Amino acid sequence: MTKFTDLKLDPAVLRAIADAGYETPTPIQAGAIPPALEGKDVLGIAQTGTGKTASFTLPMVTMLSKGRARARMPRSLVLCPTRELAAQVAENFDTYAKHTKLTKALLIGGVSFGEQDKLIDRGVDVLIATPGRLLDHFERGKLLLTGVQIMVVDEADRMLDMGFIPDIERIFQLTPFTRQTLFFSATMAPEIERITNTFLHAPARIEVARQATTSETITQKLIQITPPRRDQSAKAKRELLRAIIKAEGEACTNAIIFCNRKTDVDIVAKSLKTHGFNAAPIHGDLDQSLRTKTLDAFRDGSLRLLIASDVAARGLDIPAVSHVFNYDLPSHAEDYVHRIGRTGRAGRLGTAYSIGTPADAKYLAAIEALVKQEIPRADPPEGFTLSDAAHREPRKYDDDKGPRSRSPRSRSGRGRDEKRPPREDRAPVIVAVEEDDSHIVEVPEAKRSEGRRPEPRHSEARRAESPRPEPIRPESGRDERRSEPYRDSRRSRDGGPAVVGMGDHVPDFLLRSFRTTKPVIEDKDTEAEESTEAEVQNPVEETSEN
DNA sequence: AAAAAAC
């Protein structure tokens with residue numbers, strides 16, 4: 001079997017590898033390093049978790065160890081789709097270049113230009129960047145890419161997903177034709193194929209087996225619930241999530257909890273925190289320094305539960321995660337593989353729980369088709385019993401869907417029923433929810449404006465300065481409307497009884513009539529229920545969004 | 001129904 005010492009790596013690099021405790025290269029490393037060292041272009045088709053990063057950092061450090069960087073002319077360039085990935089690659093360079101004098105700069109958004117500029121001016125051997133920030137530097141004339149000898153594109157298929165391909169093409173064109181290109185992608189979509197045909201020259205193609213989705217090291221479980229009312233789904237899911245985490249007990253040393261939406265990431269994180277869990281959110285709307293801090297805490301073990309958007313689904317190297325939870329089933333089946341692949345790594349055992357609701361049926365079908373297996377069904381943990389609270393108090397619920405609920409629902413009832421999987425043999429558990437998540441209960445604007453409101457945000461503060469007649473319109477468009485009011489609205493007033501939540505701007509009279517006339521619907525998922533909501537909400541939407 | 005990335 002090949003050892004690192006068999007590869008023609010620089011002695012300083014070999015020493016660093018030994019320091020890190022590695023002896024044997026992974027398949028992608030064994031395949032990509034030799035041609036890279038010969039100066040050939042490399043097309044690596046590999047997922048994360050295969051040792052891909054080292055397969056380009058090791059040869060790069062070796063090849064760059066001779067020669068020196070000139071001011072503003074980096075000698076190599078690594079492009080990554082997300083800031084976290086870029087930071088991770090940078091750490092990888094620190095690890096493997098520690099016995100060399102190579103310098104590097106990390107160019108990512110969300111941090112100030114000053115430090116980055118300084119490094120570039122001084123001259124760096126390796127530039128690691130996200131495309132946006134790199135082009136920003138370039139356009140400000142701070143950066144010349146004509147000295148780039150080696151260019152790496154990491155996670156190209158994700159770049160494609162994120163719409164970075166035009167940027168990538170542009171950057172390719174700014175670098176010399178003679179550069180060496182190392183190009184990595186998990187899949188070879190037609191667009192990726194086109195790029196490689198255009199910018200790679202007779203590449204050595206190394207393909208390693210797709211990360212096993214059915215990896216024996218990952219125990220997968222799917223717990224399906226059917227909340228008696230669709231709008232209680234989120235709350236039921238949060239409760240179930242807590243129940244699972246509690247049931248797993250100490251076996252769950254740390255976990256990533258994936259949500260499909262950033263707002264849900266925030267809500268779930270907050271909910272877990274108020275229930276005493278050591279939890280923190282991470283997604284792209286959070287401040288970069290916070291993102292970094294959170295991730296560091298998660299890596300060093302001081303944070304137990306990381307609630308994440310798909311920013312953390314791929315590529316992030318977080319060793320030793322015992323559990324992955326899909327609070328939402330991912331809408332892209334591929335992401336299921338990436339998400340659960342965060343656990344069970346490096347031969348360790350891992351557990352991946354997914355929570356399914358009838359609304360996710362089509363995602364589930366797509367996932368099972370992709371992984372070519374049925375995700376083993378499991379029952380909710382013992383102690384997660386049916387409560388009839390929702391039936392007793394059918395009007396008490398919070399609408400977790402915030403922004404969603406204000407757009408007219410597509411009449412999807414029919415389609416949903418059709419697509420529901422034929423699992424009638426296994427009666428899904430009907431879940432009802434206690435009213436204990438009061439911090440998340442939605443408080444209508446009408447109610448809040450009566451008196452004190454907790455922790456006003458600036459958007460709120462601005463409104464307070466210039467009171468206006470209801471309904472309050474967002475002042476300047478989408479940002480404010482999109483997130484702020486909803487996040488705020490998830491606070492309850494202290495002490496007061498949980499208020500029925502609709503959207504933010506439900507006038508009082510509507511609210512009252514809603515409360516008293518809302519029919520008690522025992523039957524789950526009926527059209528009748530949906531139309532009730534739609535009728536109440538459409539007028540709200542008219543007034544608040546035009 | 002989304003997320004991510006530039007200011």
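Just so we're clear, the structure is a prediction, and the values are computed from it rather than from any experiment. No hydrogens, no waters, no symmetry mates; every other heavy atom, side chains included, goes into these values.
Ion pair Asp310(A)/Arg339(A) flagged as a salt bridge, since at least one NZ, NE, NH1 or NH2 atom sits closer than 4.0 Å to an Asp/Glu carboxylate oxygen. Salt-bridge check for Arg170(A) with Glu139(A): passed, with a basic side-chain N closer than 4.0 Å to an acidic carboxylate O.
Residues Ile307(A) and Phe258(A) form no side-chain contact, since every pair of their non-hydrogen atoms from C-beta on lies 4.5 Å or further apart.
Among the atoms of the strands shown, only primed sugar atoms or phosphate atoms (P, OP1, OP2) are found under 4.0 Å from some heavy atom of Ser309(A). Note on Pro81(A): only backbone sugar-phosphate atoms sit closer than 4.0 angstrom, heavy atoms only; bases stay farther off. Heavy atoms of Asp167(A) sit nowhere under 4.0 angstrom from any nucleic acid atom. Counting non-hydrogen atoms under 4.0 angstrom, Phe258(A) reaches nothing in the nucleic acid. Among the atoms of the strands shown, none is found under 4.0 Å from any heavy atom of Gly163(A).
Remark: Glu193(A) pairs with no residue by the salt bridge (Lys or Arg N to Asp or Glu O under 4.0 Å) rule, at least two apart or across chains. Shown here are the salt bridge (Lys or Arg N to Asp or Glu O under 4.0 Å) partners of Asp94(A), two or more places apart in sequence or in another chain: Lys104(A).
Proximity of Arg291(A) to the phosphate of dA5(B): a side-chain N or O atom is located under 4.0 Å from OP1 or OP2. Side-chain N/O atoms of Arg158(A) include none lying less than 4.0 angstrom from OP1 or OP2 on dA5(B). OP1 or OP2 of dA4(B) has at least one side-chain nitrogen or oxygen of Lys262(A) nearer than 4.0 Å.
As a whole-Å value, the separation of Ile171(A) CD1 from dA6(B) P is 11 Å. Straight-line distance from the CG atom of Leu286(A) to the P atom of dA4(B): 9 Å, rounded to whole Å. When the P atom of dA1(B) is taken as reference, atom CG of Asn260(A) falls 14 Å away, rounded to whole Å. If you take CG of Asp136(A) and C1' of dA5(B), they are 11 Å apart, rounded to a whole angstrom. Rounded to an integer number of Å, the gap from His283(A) NE2 to dA2(B) P is 14 Å. Residue Asp335(A) contributes atom CG, which lies 19 Å from atom P of dA1(B) at whole-angstrom precision. Between Gln116(A) atom CD and dA6(B) atom C1' there is a gap of 11 Å when expressed in whole angstrom units. One atom, OH of Tyr327(A), and another, P of dA2(B), lie 14 Å apart when rounded to the nearest Å.
When distances are taken from the side chain of Glu139(A) to each of dA4(B), dA1(B), dA6(B), the shortest belongs to dA6(B). Closest contact between the side chain of Thr82(A) and the listed nucleotides dA1(B), dA6(B), dA4(B) involves dA4(B).
In this model, no side-chain donor or acceptor of Arg261(A) finds a partner on the base of dA2(B) within 3.5 Å.
With centres under 5.5 Å and a plane angle under 30° as the test, the ring of Phe164(A) is not stacked against the base of dA4(B).
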